[in-house]
Structure formats: structure tokens, C-alpha cells
Protein chains: 2
Amino acid sequence: MPTKKKPQVTATPERRRELLGTAAEVFAAQGYNATTVRKIADAAGMLAGSLYYHFDSKESMLDEILSGFLTELWDGYDAVLAAGLGPRETIEALVTESFREIDRHRAAVAIYQKESRHLSAQPRFQYLSDSQQKFEKAWLGTLERGVAAQVFRADLDIRLTYRFVRDTVWVAASWYRPGGQHSPDEIARQYLSMVLDGIAVRT
Amino acid sequence: MPTKKKPQVTATPERRRELLGTAAEVFAAQGYNATTVRKIADAAGMLAGSLYYHFDSKESMLDEILSGFLTELWDGYDAVLAAGLGPRETIEALVTESFREIDRHRAAVAIYQKESRHLSAQPRFQYLSDSQQKFEKAWLGTLERGVAAQVFRADLDIRLTYRFVRDTVWVAASWYRPGGQHSPDEIARQYLSMVLDGIAVRT
DNA sequence: TAATCTACCAAACACTTGTTAGGGAAGGGT
DNA sequence: ACCCTTCCCTAACAAGTGTTTGGTAGATTA
């Protein structure tokens, strides 16, 4: 007989995902470090120790939330990048896809934004750095293609442009609430309109 | 003879500001909750308890950092708003002023962005909510004036535009490092160029 | 020289933290 | 009837938390 069972990997994943959902909400609302396992247990209607039947640490919950989100994100991104679109259409598709991910994983995105910087130093979360590097390569590469093809302005610092576009998209997770008056696609449309054409009236 | 002295208000403020500076750096790098008073003391080259000679709590350090930043920020903003500029010029001046504040208070800005949401619920930090409301009124009002004067596009959701402009400016604090190759004014110029005219080539 | 003040240290405090160990109720399978 | 699995509770643990108290070397003042 083995010394320990591992119900957290073999058991039915229904309850796990339910718990991960509430954990993600609390993490997003209070911040990871400010969130105690007792608060998560409260929100889930159980006691702190009971969480450890499903997960083996608080950190592994965070890990699972973030890696799950990134996996789904890259499913979408890779599909877009493999489609062989032009630079402008690629940017449009990436932005739209991003807002859809924010719609589906807004808690995870909020956590990612707040914590990823100092988490990526830890070896366990190195996939955050990897993802961010891949992310930068995809966006920066598309922008450079666009400048070369003369569909994007050449007079701007391209790295500044990259950060500009990236930030404008992802910070939306901090105020976005699913079920609002704007659908993700509508928000993407307006954001793209602003980023591409500006907010000033054309003269 | 009074029961207690309060050296933290009457003493020379030199050392206080020095300590607040290092505390702000640690807060910004690690997050407020993840930062222990012992880490701050380490960075300052002293022991944890010694901090309480200068400040009466960890929270009051945070308070002083944030309120100090907001005070200086509004000094700059009020001057701009009182200048009676047109909508576009007001936006330009506000953005430029913002990047200058980021340059001067990047640690405080980073802390503000990460923590202000859940801090503003606390009564002690209600001035964060007040400031944010004043902030929204100033920016939204200017944008509305611009739409009415036909210098800003009328086909965009104005609240979305507000969040767009606001976020694009302030998230810069998360990557900005003083002494980089771009001055605050140069970054402001490029940001304004993108926000106002877009990144697409005009056809 | 004596008194006071400044800025820190040393050591402890009460409390919260993540985590663990043992147990038990409910229910399905045989 | 029995066993086993699932899922949670009770109760505790050690480590780390913010904070307090009393003391003290060195400068400043009287």
C-alpha cells in the first residue's frame, strides 16, 4: 500500500474547478498574498484544512489558475498566428482574441497582471517568463511586419508601440465585468478603432 | 509630562523621507502585503523594531507614501486645469504631467496601481476614492468638451475612451525606469501621438 | 560636567499564517 | 453486511507576522 493517495490529480475534476473558480475570484479581489486560505475556504463554504484534500498548497492553486489560463490563451493565439493574415488583420485578431480571453478568465487575467512580475522570478513559475517572451515576439514581430509593409507608422518607437498596444488591451481586465453592456467583441472593435486611428477627429 | 512623545511628526523629516523612499521601493517590487517590516528594515540597514521610532505602523508608511504622491500629483493637475486650455491641449498637458509624475514617483505610482482598488474600501484610505473620482471628472469632462468642440471623435463610447486613455498612461509606471533612453516628455509625446492619431498609416 | 535628545538595538509579545494528522459521515459496489 | 471511496471537519503545529518595551551609545544642549 502506498504511503499516500493523491486525490487531487485523479479525482473528478468538477469540484476542483469549482474551487479554483472561487479561489481565483478571491485572489483577484484581494491579491494573492493578502488572501488567506481561510478566506478561500469561507468563500467556498468549508474550512481551511479541507482545501488540502483537493490541493496540496495555496501556491499550487495559483499555479493551476495561471497555467490553465495561459494554456487556453495560447490555444487561441497560436490559431491566429498560424492563419497567415496580414499585419493589421493579425493585430485585429489578436486583440479580439485577447478580449474574449478576458471575458472568460477575467479573474485569472487580473491575478496575472498583479502578480506575474514577481512570480516569474520563482522557478516554479518560469513558464510566466516564457509566455511573456513568446508574447512579445508575436506582437513585436507583427508590428514590425506592419511597419515594413507600410500599414503601421514608421515614426514611432516600436517597443513603445508594443507596450502601448499590449497594455491598452490587458489592463481592461481590471475594470471589465462579464455581462456588462458591451460584449468582448464590441470592446475589441472600439479599442482597435482607437489604437489604429486615434481618438482625434481627422482633419 | 505627557505619556508619550511623537518623534515621528516633530523630528527632522530628512530620515523619514529617506526611509519612506526605500519602503516605497520594496512595496513596489514585492507588493504591500508580501513586504514584511523586516524586509524594509533590511533594505534600510536597520532592525525591524527601529522603524517604529519613525513611523507608528506599516500601514502609516503606505499611507504617507500614497498621500504624498497624490498631493503632488494634484498640484500639477490643478495647475493644468486652471490654465483654461482647449480640450486637446488640456489632454496633452495632463498626459505630459502624468509622465512627469511617473518619473518622479514611479514606486508610489506602481503601489497605487496595485493596491488602490482594495485599499479604497478602508476608511483610512478613502482619499483614494475621492482622488479617483476627481480624476475621472477632470478627464471625462475634458473628453466631453472635446467631443462637443468636434476635436475628438463622437462615435466612440466616451467612458471606454476615458478608461483607455487613463490606463495607457498609468500602466507605463509598471515598465518605466528613470534614466532610460526616453525622457518623460518624449514618452508623453509618442503616447499622445498614438492616442490622438493612431498607429495606422493614414491613407 | 550633567542633562537631554536622537536614533537605533535586543528581545520578546500576541496573533495570524499555511499546513498536517486523524477521524467520521454519506453513499455506492459487491 | 462489509468495504472502500469521497469529501469534509476538528484540532493542532511551527513559522512568520506587526508591534511593544526597555535599554543604550553618541551627539547636543544647558
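So that the names make sense, note that chain A is the first sequence line, chain B the second, and so on, each numbered from 1.
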Are OP1 or OP2 of [N] and a side-chain N or O of [X] less than 4.0 angstrom apart?
{"X": "A/Ser50", "N": "D/dC9", "answer": "yes"}
{"X": "B/Arg15", "N": "C/dC8", "answer": "yes"}
{"X": "B/His54", "N": "C/dC8", "answer": "yes"}
{"X": "B/Tyr52", "N": "D/dT20", "answer": "no"}

Please give, in whole Å, the distance from [N] [atom2] to [X] [atom1]?
{"X": "B/Leu47", "N": "C/dC8", "atom1": "CG", "atom2": "C1'", "value": "8 Å"}
{"X": "A/Lys58", "N": "C/dT19", "atom1": "NZ", "atom2": "P", "value": "8 Å"}
{"X": "B/Met46", "N": "D/dT19", "atom1": "CE", "atom2": "C1'", "value": "14 Å"}
{"X": "B/Phe55", "N": "D/dT20", "atom1": "CZ", "atom2": "C1'", "value": "18 Å"}
{"X": "A/Asn33", "N": "D/dG16", "atom1": "CG", "atom2": "P", "value": "15 Å"}
{"X": "B/Asp56", "N": "D/dT19", "atom1": "CG", "atom2": "C1'", "value": "11 Å"}
{"X": "A/Gln30", "N": "C/dT16", "atom1": "CD", "atom2": "P", "value": "16 Å"}

Next on the checklist: Closest-nucleotide mapping onto DNA chain C: is A/Glu59 or B/Gly49 further toward the 5' terminus? I mean the 5' end.
Outcome noted: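 Going by which nucleotide is closer to the 5' end, it is B/Gly49.
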Checklist entry - Which class fits the ring pair B/Trp74 and B/Phe135: parallel under 30°, tilted 30 to 60°, perpendicular over 60°? => result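 It falls in the perpendicular class, over 60°.
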Item to check | Nearest-neighbour nucleotide for the B/Tyr53 side chain, D/dT10, D/dT19, C/dA7 considered | outcome: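 Shortest atom-to-atom distance from the side chain points to C/dA7.
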Next on the checklist: Using the side-chain heavy atoms of A/Arg38, tell me which of these nucleotides is nearest: C/dC8, D/dT19, C/dG18.
Outcome noted: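 The listed nucleotide nearest to A/Arg38's side chain is C/dG18.
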Next on the checklist: Ignoring hydrogens and geometry beyond distance, is a side-chain donor-acceptor pair present between B/Thr161 and B/Arg153 at under 3.5 Å?
Outcome noted: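 Side-chain D/A pair, B/Thr161 to B/Arg153: absent.
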Next on the checklist: Considering every strand and a 4.0 Å limit on heavy-atom distances, what is the contact class for A/Ser60: base, sugar-phosphate, or nothing?
Outcome noted: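 Here A/Ser60 touches no strand at all.
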Item to check | Pairwise ring pair (Phe, Tyr, Trp, His ring centres under 6.0 Å) hits with a residue in residues 28-48 of chain B, at least two apart | outcome: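 Qualifying pairs: B/Phe27-B/Tyr32.
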Quick one: side chains of residues 137-145 of chain A, donor-acceptor pairs under 3.5 Å with protein atoms, not counting sequence neighbours, listed by atom name and distance.
| residue | atom | partner | partner atom | Å |
| --- | --- | --- | --- | --- |
| A/Thr142 | OG1 | A/Ala138 | O | 2.7 |
| A/Arg145 | NH1 | A/Leu85 | O | 3.4 |
| A/Arg145 | NH2 | A/Thr90 | OG1 | 3.4 |

